[in-house]
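Reviewing the structure listed below.
In each ligand, atom 1 is the first atom listed, and ligand 1 is the first ligand listed. The figures that follow rest on heavy atoms only: side chains count, while hydrogens, waters and symmetry mates do not. Not measured: the values here are computed from a predicted model.
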Amino acid sequence: MYKLGFGMMRLPLTDPKEQTQVDREQARAMMDAYLEQGFTYVDTAYFYHGGESERVVKDILTSRYPREKYVLADKMPLANFKNKGTAEDQAKVFDEQLEKCGVAYFDRYLLHCLNTENYETAKRLDTFAFLSGKKAEGKLRHLGFSFHDKAEVLDRILTEHPETEFVQLQINYLDWEDERIQSRKCYETAVRHGKKVVVMEPVKGGRLAKLPAEAEKLLRDIHPDWSPASWAIRFAASLPEVEVVLSGMSDMAQVMDNTGYMKDFTPLTEAEKEALAQVAEILSALPAVECTACRYCVDGCPRQIPIPDYFALFNSDQMALRQGLPVKTEEYQRLAAGGGKASACVSCRQCEQACPQHLKVVDWLSRVAKTYEG
Ligand code: SF4
Ligand code: SF4
């Protein structure tokens with residue numbers, strides 16, 4: 001299996017303000033191009049694109065290709081059952097997912113976003129046992145979980161659940177040594193337990209695709225034709241126990257770029273990894289919101305604040321701020337026209353509870369408001 005997976009969470013939209021409005025025609029062409037070149041791994045989840053991603057999977061993939069042509073991964077939305085929800089609800093969701101995706105079984109199935117809190121929900125609903133039962137019934141082939149917490153929590157879960165076959169981790173060259181995300185420590189923990197690794201957020205929600213000029217020059221001097229995003233994906237794919245690196249592709253250019261170098265993938269050399277360590281140093285010196293643009297926070301916001309869009313803009317303006325140059329106020333106003341301004345936040349903190357990165361969203365929004373609203 002090639003090491004590039006197609007993440008179905010950042011698909012092209014016909015209406016940029018509405019996550020459920022996936023541009024199916026474009027997405028279909030992207031999927032065709034991806035599969036034509038021999039790639040197979042497709043990753044969806046219950047709440048990607050406001051619940052529409054699984055239906056798109058059916059429309060553009062499972063209703064059009066023979067079952068053996070693709071490896072389909074889906075996930076149990078544990079966060080939906082926090083403090084509520086029963087084992088029956090969990091079973092209903094699983095059946096609904098098979099139906100929405102149009103398949104009789106999943107090749108891969110994950111508990112979505114395990115952390116200390118969601119692990120408690122999984123224990124309450126006996127999710128591991130439930131899914132092991134589904135595996136025995138032939139409704140899923142391989143069981144794993146995606147994970148957002150410290151390495152010691154990962155160690156505990158893997159010790160308590162040796163039936164886990166693989167884990168999905170946030171790994172990228174900026175988070176590799178980060179004490180909050182602990183990419184390296186989590187990877188090493190998974191390997192110590194003998195698990196294969198699927199990588200998510202290799203480009204850190206797009207942050208590693210748009211580098212400050214001095215950082216990009218460093219990389220272009222070595223390989224003028226490698227995009228910054230490709231450097232990031234290559235970094236994750238170079239790890240020996242990584243099976244697949246997921247890329248949430250949003251247009252055909254990204255599909256062609258990614259499939260181009262991932263077909264005959266060769267791991268990075270030590271000198272190339274050293275260049276990325278230098279880029280990480282440059283990026284770490286800039287204040288930035290560690291938002292991965294997963295959009296888990298958006299639906300519950302009573303003020304419809306486009307939180308990740310503001311954070312992406314704020315991050316991209318950090319170099320300008322450092323050099324005393326003007327920020328992109330017009331872009332901010334354009335984003336604000338589609339939802340609430342940052343200053344409209346009422347500090348209800350629903351977003352912070354939903355955020356797998358544990359970001360202090362309210363504090364960051366206040367900085368965004370000061371930067372763009374004066
Ligand atoms: S704290 Fe602010 S940004 Fe977060 S959900 Fe509430 S209103 Fe929206
Ligand atoms: S603020 Fe958190 S939940 Fe919202 S998009 Fe960013 S990382 Fe995801």
Side-chain angles (χ1 to χ4, degrees), residues 7-11 13 16-20 43 45-51 53 75 77-80 82 112-118 146-150 168-172 174-175 178 180-183 186 199-210 232 246-248 250 283 287-318 332 335-336 338-373:
M8 303 282 285
M9 80 296 276
R10 296 195 179 97
L11 294 166
L13 302 172
K17 293 188 208 111
E18 191 35 80
Q19 280 296 310
T20 55
D43 174 85
Y46 191 65
F47 44 73
Y48 288 169
H49 283 287
S53 175
K75 312 186 188 79
L78 288 170
N80 282 22
K82 189 179 138 197
H112 200 166
C113 194
L114 271 194
N115 54 20
T116 307
E117 200 176 36
N118 288 338
S146 62
F147 181 77
H148 287 281
D149 210 323
K150 301 279 189 274
Q168 186 165 309
L169 300 174
Q170 175 168 330
I171 294 180
N172 59 67
L174 188 55
D175 292 329
D178 183 283
R180 202 173 51 85
I181 306 291
Q182 300 193 338
S183 278
C186 287
V199 172
M200 60 185 158
E201 303 298 355
V203 191
K204 207 166 163 62
R207 187 164 166 220
L208 303 181
K210 287 184 206 139
L246 298 176
S247 175
S250 305
L283 292 173
V289 198
E290 304 291 329
C291 170
T292 60
C294 66
R295 308 194 81 85
Y296 296 174
C297 56
V298 174
D299 283 348
C301 174
R303 294 304 176 102
Q304 284 92 43
I305 297 172
I307 301 164
D309 304 327
Y310 286 162
F311 289 166
L313 178 67
F314 182 74
N315 284 348
S316 75
D317 268 336
Q318 286 311 307
Y332 177 74
L335 293 171
K341 286 183 170 178
S343 58
C345 172
V346 292
S347 303
C348 67
R349 300 193 190 270
Q350 290 203 48
C351 49
E352 296 187 357
Q353 284 165 24
C355 179
Q357 307 294 325
H358 312 294
L359 295 179
K360 293 191 183 316
V361 175
V362 175
D363 295 353
W364 281 111
L365 281 178
S366 144
R367 287 183 68 172
V368 169
K370 274 195 198 104
T371 306
Y372 297 97
E373 297 176 36

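For atom 4 (Fe) of ligand 2, the set of nearby N, O or S atoms under 2.8 Å includes one belonging to C297.
Shown in contact with Q357 at under 4.0 Å from a heavy atom are these atoms of ligand 2, numbered in order with element: 7 (S). The ligand atoms of ligand 2 that sit less than 4.0 angstrom from a heavy atom of P356 are 3 (S). Less than 4.0 angstrom separates some heavy atom of L365 from each of these atoms of ligand 1: 3 (S). Proximity to V346 (heavy-atom distance under 4.0 Å) selects the following atoms of ligand 1: 2 (Fe), 7 (S). Ligand 1 places these atoms under 4.0 Å from at least one heavy atom of V362: 1 (S). Atoms of ligand 1 lying under 4.0 Å from any heavy atom of I307, numbered from 1 in the order shown and given with element: 3 (S). Residue P308 approaches ligand 2 through these ligand atoms, each under 4.0 Å from one of its heavy atoms: 5 (S).
Looking at V298, T292, V361, D309 and measuring to atom 7 (S) of ligand 2, the nearest heavy atom belongs to T292. Residue R349 holds the heavy atom nearest to atom 1 (S) of ligand 1 of all those in Q353, Q350, R349.
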Applying side chain to side chain contact (heavy atoms under 4.5 Å, CB included) to V289 and N315, what does each step give before you reach the verdict? CA-CA 7 Å; V289 198; N315 284 348; 3.7 Å; yes

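Neither the backbone nor the side chain of A344 comes within contact range of ligand 1; no heavy atom lies under 4.0 Å. With a heavy-atom cut-off of 4.0 Å, C351 does not touch ligand 2 at all.
The two residues L11 and H49 have their closest heavy-atom pair at N-NE2, 3.0 Å. Of all the heavy atoms in P308 and V298, the pair that sits closest is CD-CG2, 3.6 Å. P306 and L335 make their closest contact through CG-O, 4.0 Å (heavy atoms, listed as atom of the first residue, atom of the second, distance).
Under the 30°/60° scheme for interplanar angles, the aromatic rings of Y296 and Y48 are found to lie parallel.
Here the side chain of N172 pairs a donor or acceptor atom with the backbone of D175 at under 3.5 angstrom.
Scanning the protein for heavy atoms near atom 8 (Fe) of ligand 2, the closest one is C294 SG, 2.3 Å. Looking from atom 5 (S) of ligand 2 to the surrounding protein, the closest heavy atom is R295 N, 3.2 Å. Remark: minimum distance from atom 6 (Fe) of ligand 2 to any protein heavy atom is reached at C291 SG, 2.4 Å. Protein heavy atom in closest approach to atom 2 (Fe) of ligand 2: C355 SG, 2.4 Å.
Between E117 and K82, at least one side-chain N (NZ, or NE/NH1/NH2) sits under 4.0 Å from a carboxylate O, which counts as a salt bridge. With salt bridges taken as basic N to acidic carboxylate O contacts below 4.0 Å, one links R295 and D309.
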